[in-house]
Amino acid sequence: MTTIWSEHDAPRVGKSGRPSIRAFFEKLVDHYTSAPEVNVGEWIRRGVMAGAAEDELRLAIAMMYTMVDSFMHLWLVDGWHLDHDAAIEAMTDALHATMR
């Protein structure tokens, strides 16, 4: 499932903006809860975490999405100056830790 974002999805300010903020969070939650669902079956088929229960896989996938998404945003979108190799190593270590 691909989530398509537009200017219409941006939360609005002020008292009348509350419904737009709620709609924004609903769409955000839908995006993050739909993508991992697809990957659980794929991770099981590929044996990514051999012997892991479905709950363990869901946790690992959730951690991967949140950590990698936030980290990549700070690094590549917000322009935080990070050493390329060190950043890749940090992401590798963090993801590996969720897959134990």
Side-chain angles (χ1 to χ4, degrees):
M1 176 179 164
T2 301
T3 302
I4 299 172
W5 296 90
S6 69
E7 183 64 31
H8 175 72
D9 297 308
R12 308 290 187 259
V13 296
K15 289 183 181 182
S16 63
R18 191 176 191 292
S20 71
I21 294 169
R22 179 176 175 84
F24 170 78
F25 281 124
E26 286 175 353
K27 189 165 186 173
L28 189 64
V29 167
D30 288 347
H31 171 73
Y32 278 103
T33 56
S34 66
E37 294 295 324
V38 174
N39 290 334
V40 170
E42 183 178 337
W43 280 39
I44 291 170
R45 282 189 299 282
R46 292 178 182 228
V48 174
M49 292 173 57
E54 189 172 322
D55 286 347
E56 292 172 302
L57 289 170
R58 289 180 189 284
L59 178 59
I61 292 168
M63 293 300 294
M64 177 190 67
Y65 272 95
T66 56
M67 288 187 309
V68 171
D69 186 54
S70 297
F71 187 88
M72 295 286 281
H73 190 277
L74 291 173
W75 180 26
L76 302 174
V77 176
D78 287 348
W80 284 30
H81 299 285
L82 302 173
D83 176 78
H84 182 270
D85 290 335
I88 298 293
E89 280 296 311
M91 287 189 299
T92 301
D93 290 344
L95 179 57
H96 182 255
T98 69
M99 299 173 71
R100 294 182 192 172

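Values in this document were obtained by computation on a predicted structure and should not be read as measured data.
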Interatomic distance, CD@Glu42 vs CG@Leu57, rounded to 0.5 Å, equals 11.5 Å
Nearest heavy atoms of Met49 and Ala60, plus distance in Å = SD-CB, 3.6 Å
So do Met72 and Val77 actually touch side chain to side chain, heavy atoms under 4.5 Å?
->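 The answer is no, as the side chains (C-beta and beyond) never meet within the 4.5 Å cut-off.
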4.5 Å side-chain heavy-atom contact, Val40 and Ile44 = yes
Test applied, side chain to side chain contact (heavy atoms under 4.5 Å, CB included); reference residue, Phe71; option that passes from Leu76, Leu82, Thr66 |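 Testing Phe71 for a side chain to side chain contact (heavy atoms under 4.5 Å, CB included) against Leu76, Leu82, Thr66 leaves exactly one candidate, Leu82.
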